[in-house]
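Heads up: the structure comes next, in structure tokens.
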Amino acid sequence: MNLSSFILDFAARQKMQGAHLTYTYLEQLPILAPDEYAKPVTWLDGQSPEAWIRARVLELTYTSYEMGPWAAHLGDEAAPFVGDEDRRFLTRAELDAAYFHLYGIERNDLDLVLDSFRAFRNKKPELFQRTKDEIIRIYEAMATGPYVTLLTPPPGQGRIHKPGTSPLTRVAPPAPPVRPAPARKSSKPVMDGHVGGALFGLDEVEGVDIQLDIFGREE
């Protein structure tokens, strides 16, 4: 989620001169170290954000049985989650607000960062404003004390698909019919225990257990 957050996108655009994110740029990005997720935060009443973030990432990403190994890595063995756009919108807003706090971004800078996404604002102004307002609302709620999510049930406990194949699982195409391989034939006939011609290997002689010298004579 760190790589998908608004704040990291903002930082990346300050470093990049083109449209391609090369490894040189990637290595310079201020990605949070793993131990940062184990530190207590005030907006979770002194608890670490690791489990809080994991539950939201799990529900956002595990929407198909094809993501089963990833879900198992996050500790989930149940069926994938059913997509709910309103629920996903709020979940993403919570994560972005959390990352603004984890990076120590002050409230006065929040508008500057979000307003820098001009392409988003110009192409989808209503969605942009809705996204910005929700992130700010959650950010401010986190700043005043322990944050309580509006999501019911809580993230990581949303509605799941019935056992079987979820709609997003791709169906493998039927395998083409297997044609029997043609019988292998020797390139030279074996007559009277001798092999005519030049140099042969044992795999080129059918039914005869012999060794050949360079002249093709039986040893």
Side-chain angles (χ1 to χ4, degrees), residues 1-63 74 81 83-156 158:
M1 179 60 201
N2 195 170
L3 292 173
S4 301
S5 62
F6 275 107
I7 183 57
L8 191 70
D9 192 313
F10 174 81
R13 286 185 286 114
Q14 311 313 306
K15 294 180 174 292
M16 295 175 58
Q17 297 180 350
H20 301 287
L21 180 61
T22 63
Y23 280 109
T24 302
Y25 288 126
L26 185 62
E27 292 171 352
Q28 300 178 55
L29 296 182
I31 299 173
L32 295 178
D35 58 1
E36 291 294 323
Y37 296 96
K39 296 180 180 179
V41 293
T42 57
W43 44 274
L44 288 179
D45 200 19
Q47 298 180 11
S48 69
E50 183 176 4
W52 190 92
I53 291 175
R54 183 189 297 113
R56 285 156 175 79
V57 171
L58 172 67
E59 187 165 336
L60 285 174
T61 57
Y62 184 34
T63 57
L74 296 180
F81 294 92
D84 182 324
E85 285 306 312
D86 290 335
R87 186 175 172 87
R88 292 175 63 84
F89 172 83
L90 182 55
T91 302
R92 290 193 298 266
E94 287 186 337
L95 285 167
D96 273 303
Y99 273 98
F100 276 118
H101 277 288
L102 291 174
Y103 276 91
I105 305 300
E106 299 291 337
R107 174 63 183 87
N108 293 336
D109 295 324
L110 203 56
D111 292 281
L112 182 149
V113 172
L114 292 172
D115 287 339
S116 70
F117 291 85
R118 291 187 293 273
F120 182 19
R121 183 179 58 191
N122 294 337
K123 291 183 178 180
K124 297 183 178 180
E126 294 182 0
L127 179 58
F128 170 81
Q129 192 61 49
R130 181 186 172 210
T131 302
K132 176 182 176 181
D133 292 344
E134 192 63 26
I135 291 174
I136 291 176
R137 181 193 69 79
I138 298 172
Y139 176 95
E140 292 177 344
M142 290 176 169
T144 58
Y147 174 72
V148 179
T149 182
L150 297 180
L151 290 166
T152 304

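By the salt bridge (Lys or Arg N to Asp or Glu O under 4.0 Å) test, Arg137 is found to be paired with Glu134, residues two or more places apart in sequence or in another chain being considered. Not counting sequence neighbours, the partners of Phe6 by the ring pair (Phe, Tyr, Trp, His ring centres under 6.0 Å) test are Phe117. Listed by chain and residue number, Phe120 satisfy the ring pair (Phe, Tyr, Trp, His ring centres under 6.0 Å) test with Phe128 (two or more places apart in sequence, or in another chain). Every residue meeting the side chain to side chain contact (heavy atoms under 4.5 Å, CB included) condition with Arg87, not counting sequence neighbours, appears here in chain and number order: Glu59, Asp84, Thr91, Leu151, Pro153.
Arg92 and Leu60 make their closest contact through CG-CD1, 3.9 Å (heavy atoms, listed as atom of the first residue, atom of the second, distance). The two residues Pro49 and Leu44 come nearest to each other via the heavy atoms CA-CD1, 3.6 Å. The two atoms that bring Tyr139 and Arg107 nearest to each other are OH-N, 3.4 Å, heavy atoms only.
Sorted by first and then second residue, the salt bridge (charged side-chain N to carboxylate O under 4.0 Å, His left out) pairs with a member in residues 141-154 form an empty list; sequence neighbours excluded. Applying the side-chain hydrogen bond (donor to acceptor under 3.5 Å, both in side chains) rule to pairs touching residues 32-46 yields Glu36-Lys39, Tyr37-Tyr99, sequence neighbours excluded.
You'll find the side chain of Phe100 reaches within 4.5 Å of the side chain of Leu114, heavy atoms only. Using a 4.5 Å cut-off on side-chain heavy atoms (C-beta onward), Lys132 and Asp111 make contact. Proximity of Thr149 to Ile138: side-chain heavy atoms (C-beta onward) are nowhere separated by under 4.5 Å. Under the 4.5 Å side-chain criterion, counting only non-hydrogen atoms from C-beta, Thr131 is not in contact with Asp96. Put simply, the side chain of Thr144 does not reach to within 4.5 Å of the side chain of Glu140, judged on heavy atoms.
With a 6.0 Å radius and a threshold of 12 heavy atoms from other residues, nucleotides or ligands, Arg13 has its CZ atom above the threshold. For CD of Glu106, the number of neighbouring non-hydrogen atoms (other residues, nucleotides, ligands) closer than 6.0 Å is 12 at most.
Expressed to the nearest 0.5 Å, how far CG of Leu95 lies from CZ of Arg56 amounts to 6.5 Å. Atom CZ of Phe10 is separated from atom CG of Asp109 by 8.0 Å, given to the nearest 0.5 angstrom. Considering CG of Leu58 and OG1 of Thr63, their distance stands at 10.5 Å, rounded to 0.5 Å. For the atom pair CG of Leu102 and CG of Asn2, the computed distance is 8.5 Å after rounding to the nearest 0.5 Å. Expressed to the nearest 0.5 Å, how far CD of Gln28 lies from NZ of Lys15 amounts to 5.0 Å.
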Where do Glu94 and Tyr147 land on the side-chain contact (heavy atoms from CB on, under 4.5 Å) test, with the steps shown first? CA-CA 10 Å; Glu94 287 186 337; Tyr147 174 72; 2.7 Å; yes
Report the C-alpha distance between Phe89 and Leu127 in whole Å, list the side-chain angles of each, state the deciding distance to 0.1 Å, and finish with yes or no for side-chain contact (heavy atoms from CB on, under 4.5 Å). CA-CA 10 Å; Phe89 172 83; Leu127 179 58; 4.3 Å; yes
side-chain contact (heavy atoms from CB on, under 4.5 Å) for Leu8 and Leu32? Distances and angles first, verdict last. CA-CA 10 Å; Leu8 191 70; Leu32 295 178; over 6 Å; no
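Using a cutoff of 4.0 Å between basic side-chain nitrogens and carboxylate oxygens, Arg130 and Asp86 are scored as salt-bridged.
In this structure, Tyr62 contributes its side chain and Leu74 its backbone to no donor-acceptor pair below 3.5 Å.
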